[in-house]
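Quick notes on the structure that follows.
To find a chain, count down the sequence lines: A is the first, B the second, and so on, and within it residues start at 1. None of the values given here were measured: they were computed from a predicted structure.
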Number of protein chains: 2
Amino acid sequence: MTISEVSKKCNISADTLRYYEKVGLISFVNRTSGGLRDYSEEDCRQIEFVKCMRNAGLSIEVLKKYFDLFKRGKRTLKARRDLLEQERKSLQTRLKEMQETLKRLDYKISVYDKALLSEDKELKF
Amino acid sequence: MTISEVSKKCNISADTLRYYEKVGLISFVNRTSGGLRDYSEEDCRQIEFVKCMRNAGLSIEVLKKYFDLFKRGKRTLKARRDLLEQERKSLQTRLKEMQETLKRLDYKISVYDKALLSEDKELKF
DNA sequence: ATAGCAGTTGGAGTGAACTCCAAGTCAAGT
DNA sequence: ACTTGACTTGGAGTTCACTCCAACTGCTAT
């Protein structure tokens, strides 16, 4: 697959795909005889994974660390597991906070709806 | 309350508090005769709100817009409500995605745990 | 063989959200 | 009167994560 195909398929810009490769967030991609990137299905799965994790707020730093461990083979299994566990925890914490904020927004909107029904009321920020 | 008191209480750096005021994310804070900021309880509530929303991913841009509307009085009630509603929606979308990612991490960790029990196994990234 | 287009590189530029700094002010304690 | 320490300002610097650019290469179709 060419870079533009992957870009469309994964909805990530070609620049970002090159950037991810450059900083070691995905492994080096095979090239055609002409020097163009030729992504495999496996590459795509990895890219999808990275996209998903980035989207959830995992830093490039952390994901790079994960793949660096990966490159060092199976003796890093435990370290990788622990890294994932740690990220899982902090994701869960973020999620809880965001759920609280969602509730707060819901409440605030309901207060606005009441104010909008009874004309002439102002609210505190 | 002095800036350092609020900073401690809200766990936001004094620099950030000044920055939020400068960009219009919180209203201008009263000053003592000597020109020092003197935060009111109301100021604190607003700061807490901003912190909470920022933490959930709302941009400074959006929060500024909200407070700008606020300053224009009750004729902007509806606009403010709609802005909150929109942010609520996008927060909910983010939350769902992150929940999916959490599940994915859980699964991945469980796969690692299996691999760690049966020695000698390697995994795909 | 030449135009056109997708791809390549290294490196510079961008935007968001802080964070830090220097130089100065002010009130309180010795 | 002087030191100390918290505070002030405007503006520069930083970090993160891209995003863009210029100059170049190499297929493909005319």
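When rounded to the nearest whole Å, the span between CG of A/Leu17 and C1' of D/dT19 equals 13 Å. Between the OH atom of B/Tyr39 and the C1' atom of D/dC7 there is a distance of 11 Å, rounded to whole Å. Residue A/Lys64 contributes atom NZ, which lies 14 Å from atom P of D/dC16 at whole-angstrom precision. We find that CD1 of B/Ile60 is positioned 4 Å from P of C/dC18, with the value rounded to whole Å. Following rounding to the nearest Å, A/Asp38 (CG) and C/dG7 (C1') show an atom-to-atom distance of 13 Å. To the nearest angstrom, P of C/dT19 lies 11 Å from CD1 of B/Ile12. One atom, CD1 of B/Ile26, and another, P of C/dC18, lie 12 Å apart when rounded to the nearest Å. A/Asn55 has its CG atom 16 Å from the C1' atom of D/dC16, to the nearest Å.
Side-chain proximity of B/Arg54 to the nucleotides C/dT8, D/dT19, C/dA17 is greatest for C/dA17. Between C/dG11, C/dC18, C/dA27, one nucleotide has an atom nearer to the side chain of B/Tyr19 than all others, and that is C/dC18. Picking from D/dC18, C/dC18, C/dG7 the nucleotide with the shortest atom distance to the side chain of A/Thr2 gives C/dG7. Listed nucleotides D/dT19, D/dT9, D/dG11 differ in distance to B/Arg31; the shortest reach to its side chain belongs to D/dT9. The nucleotide whose nearest atom lies closest to any side-chain atom of A/Ser4 is, among C/dT19, D/dC7, C/dG7, C/dG7.
OP1 and OP2 of D/dA17 both lie 4.0 Å or more from every side-chain N or O belonging to A/Tyr20. For D/dT19, one of the phosphate oxygens OP1 or OP2 lies less than 4.0 angstrom from a side-chain nitrogen or oxygen of A/Thr16. When the side-chain nitrogen and oxygen atoms of B/Arg37 are compared with OP1 and OP2 of D/dC7, none of them lie within a distance under 4.0 Å.
Two residues, A/Glu61 and A/Gly34, neighbour DNA chain D, and the one matched to the more 5' nucleotide by heavy-atom proximity is A/Glu61. The 5' end of DNA chain C is approached more closely, in terms of each residue's nearest nucleotide, by A/Ile3 than by the other of A/Ile3 and B/Arg18.
Judged by distance alone with a 3.5 Å cut-off, a donor-acceptor contact links the side chain of B/Asp15 to the base of C/dC20.
Defined by atom type and a distance below 3.5 Å, a donor-acceptor pair is missing between the side-chain atoms of A/Ser90 and A/Thr93. In summary, the side chains of A/Arg80 and A/Thr76 do present a donor paired with an acceptor at a separation below 3.5 Å, with no hydrogens or angles considered. Between B/Ser110 and B/Asp113, the side chains place no donor N or O within less than 3.5 Å of an acceptor N or O (distance only, hydrogens not considered).
Taking NZ from A/Lys108 and CE from B/Met53, the interatomic distance works out to 7.0 Å, rounded to the nearest 0.5 Å.
At least one donor-acceptor pair closer than 3.5 Å links the side chain of A/Asp38 to the backbone N or O of A/Met1.
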